[in-house]
Protein chains: 2
Amino acid sequence: MKLTTKSEYTLLALLYMARQEKDKFVKIEDICASCDIPKKYLELLFLALRQNRYIKTRRGTKGGYMLARPAGQITLAEILRLMDGALAPTESVSTYFYSDTPISREEKVLSVFKEIRDYISQRLESLTLADLV
Amino acid sequence: MKLTTKSEYTLLALLYMARQEKDKFVKIEDICASCDIPKKYLELLFLALRQNRYIKTRRGTKGGYMLARPAGQITLAEILRLMDGALAPTESVSTYFYSDTPISREEKVLSVFKEIRDYISQRLESLTLADLV
DNA sequence: AATCTTGTCTATAGATATGATAGACAAATG
DNA sequence: CATTTGTCTATCATATCTATAGACAAGATT
């Protein structure tokens with residue numbers, strides 16, 4: 001688990017959108033100005049958000065971005081996973097990891113890391129954008 | 001928080017030492033062979049451990065490394081912090097961070113991250129090497 | 001004393017990840 | 001058809017991570 005500016009920028013931008021009136025497209029320019037994010041970089045992040053159906057867009061004058069689903073249906077966990085990968089503190093306890101390495105024989109170590117992983121997941125899955133506005 | 005091989009290697013090595021009979025110096029060679037860690041790399045990690053008084057050493061034949069304190073007095077938290085830095089999920093909620101950035105105005109986001117940070121710290125501070133052997 | 005063994009320390013190299021930018025292209029609007 | 005705004009791929013600079021090299025220091029053995 002390493003949350004980078006990708007997650008931070010994305011969260012800021014999504015919360016900005018969540019605060020807009022319903023069905024209003026907001027320009028990336030506005031978000032960048034308000035949240036102090038480099039425009040070209042946020043475009044890249046939005047590309048991923050759009051391809052994963054978290055936001056929808058329209059081009060041209062009057063174009064922009066808006067949430068594709070109600071804020072209450074977008075969890076923090078899915079956003080952070082999309083932007084910065086698995087929430088587990090180490091690869092060795094990431095859900096789809098398996099290999100017979102020395103650390104995989106340290107059962108007690110692994111179980112602590114798994115406990116932490118589960119706590120983080122549950123906490124972040126229980127929160128939606130609506131909870132954070 | 002990003003746990004890398006530094007933390008994993010270090011933990012493996014410390015646990016190996018914790019399992020030895022008391023007052024026995026163990027050669028880095030042995031640890032590397034047993035835990036599958038590159039020797040030169042582990043030397044580097046041990047340097048930090050030694051400078052921070054977690055292990056003590058002796059050179060020459062019959063030399064090697066051993067824990068400088070009882071395993072029950074070395075917490076997981078201090079080792080992981082030493083090797084991979086702050087346990088907070090993001091810089092923005094790391095203890096000595098302050099700056100007036102957009103994220104610092106998102107109180108609810110920050111408080112979730114702080115909650116996670118506190119959970120991780122408490123969990124890891126409550127565990128010592130002795131608990132993991 | 002000479003030599004072997006093992007740890008100390010600084011420098012550096014290669015690979016990967018992160019943060020950011022450039023620019024050609026596509027579609028909506030007036 | 002010109003302007004505006006989003007789409008997408010490529011690329012770059014910097015930082016971080018993993019690992020190695022090599023000169024040096026000190027304890028052990030003979």
Side-chain angles (χ1 to χ4, degrees), chain A residues 1-13 17 24-33 35-68 80 82-86 90-92 101-103, chain B residues 1-13 17 24-33 35-68 80 82-86 90-92 101-103:
Chain A
M1 184 204 209
K2 186 187 174 189
L3 299 187
T4 69
T5 60
K6 278 182 201 166
S7 283
E8 285 201 4
Y9 287 165
T10 301
L11 270 184
L12 283 171
M17 287 188 269
K24 183 190 168 192
F25 285 99
V26 16
K27 295 191 215 327
I28 203 168
E29 193 72 42
D30 295 344
I31 303 176
C32 289
C35 301
D36 195 27
I37 302 173
K39 185 174 168 237
K40 276 294 187 181
Y41 194 43
L42 189 59
E43 279 179 4
L44 221 55
L45 306 182
F46 272 12
L47 195 60
L49 285 178
R50 181 180 155 274
Q51 286 170 343
N52 287 274
R53 316 259 175 188
Y54 290 108
I55 57 180
K56 57 187 173 189
T57 60
R58 191 162 61 187
R59 304 190 195 198
T61 331
K62 303 205 166 176
Y65 299 82
M66 67 190 247
L67 296 183
L80 301 190
L82 177 63
M83 305 314 292
D84 282 324
T90 68
E91 272 302 299
S92 56
T101 58
I103 197 79
Chain B
M1 183 203 210
K2 186 188 176 189
L3 300 188
T4 69
T5 59
K6 279 182 202 168
S7 284
E8 286 201 2
Y9 287 166
T10 300
L11 271 183
L12 284 171
M17 286 187 269
K24 182 187 169 194
F25 285 99
V26 14
K27 296 194 214 324
I28 203 167
E29 193 72 42
D30 294 345
I31 303 176
C32 289
C35 302
D36 196 26
I37 302 173
K39 185 176 168 231
K40 276 295 187 181
Y41 193 42
L42 189 59
E43 279 179 4
L44 219 56
L45 306 183
F46 272 13
L47 195 59
L49 285 178
R50 184 180 153 273
Q51 288 169 342
N52 287 275
R53 317 259 175 187
Y54 289 109
I55 57 180
K56 57 186 173 188
T57 60
R58 191 164 60 186
R59 304 192 195 196
T61 329
K62 303 206 165 176
Y65 299 83
M66 68 189 240
L67 296 184
L80 302 190
L82 176 64
M83 305 314 292
D84 281 325
T90 69
E91 271 303 298
S92 57
T101 58
I103 196 81

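Proteins come first, then strands; the chains are lettered A, B, ... in the order of their sequence lines, and each starts at number 1.
- In terms of phosphate contacts, A/Lys27 brings a side-chain nitrogen or oxygen within less than 4.0 Å of OP1 or OP2 of D/dT5.
- Within 4.0 Å of B/Lys62, counting heavy atoms only, lie sugar-phosphate atoms of the nucleic acid but no base atom.
- For DNA chain D, the neighbouring residues in residues 46-61 of chain A, judged by any heavy atom under 4.0 Å, are A/Leu47, A/Arg50, A/Gln51, A/Thr57, A/Arg58, A/Arg59, A/Gly60, A/Thr61.
- Between B/Phe25 and B/Tyr65, the ring center distance fails the sub-6.0 Å criterion.
- In this entry the distance linking OH of B/Tyr65 with P of D/dG27 reads 14 Å, nearest Å.
- Every residue two or more places apart in sequence or in another chain that forms a side chain to side chain contact (heavy atoms under 4.5 Å, CB included) with B/Lys62 is listed here: B/Arg58.
- Within 4.0 Å of B/Ile28, counting heavy atoms only, lie sugar-phosphate atoms of the nucleic acid but no base atom.
- Rounding to the nearest 0.5 Å gives a distance of 11.0 Å between CG of B/Leu12 and CG of B/Leu45.
- Comparing A/Thr5 and B/Gly63, the nucleotide of DNA chain C nearest to each residue sits closer to the 5' end for B/Gly63.
- Note: CG (B/Leu3) to P (D/dC17) measures 11 Å, nearest angstrom.
- Rounding to whole angstrom units, CG of residue B/Leu45 and P of D/dC17 are separated by 12 Å.
- In this structure, the side chain of B/Thr10 engages the main chain of B/Lys6 through a donor-acceptor pair within 3.5 Å.
- In this view, B/Asp36 and A/Pro102 satisfy the side chain to side chain contact (heavy atoms under 4.5 Å, CB included) rule, not counting sequence neighbours.
- When rounded to the nearest whole Å, the span between CG of B/Asp36 and C1' of D/dT18 equals 14 Å.
- Under the salt bridge (charged side-chain N to carboxylate O under 4.0 Å, His left out) criterion, the residue pairs touching residues 42-53 of chain B are B/Lys39-B/Glu43, B/Lys40-B/Glu43, with sequence neighbours excluded.
- Residue A/Tyr9 is classed as a sugar-phosphate contact, given heavy-atom separations below 4.0 Å to backbone atoms only.
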Verdict with supporting geometry, A/Phe46 and A/Ile31, side chain to side chain contact (heavy atoms under 4.5 Å, CB included): CA-CA 11 Å; A/Phe46 272 12; A/Ile31 303 176; 3.8 Å; yes
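- A/Leu44 has its CG atom 13 Å from the C1' atom of D/dC12, to the nearest Å.
- Qualifying side chain to side chain contact (heavy atoms under 4.5 Å, CB included) partners for A/Leu82, counting only residues two or more places apart in sequence or in other chains: A/Leu49, A/Asn52, A/Tyr54.
- Base engagement by B/Glu43 is indicated by at least one non-hydrogen atom pair under 4.0 Å involving a base atom.
- Here the side chains of A/Thr90 and B/Glu8 are in contact, with some heavy-atom distance below 4.5 Å.
- Reading DNA chain C from its 5' end, the first and the last nucleotide to sit under 4.0 Å from a heavy atom of chain B are C/dT5 to C/dT10.
- Distance B/Ile37 CD1 to D/dC17 P: 17 Å, rounded to the nearest Å.
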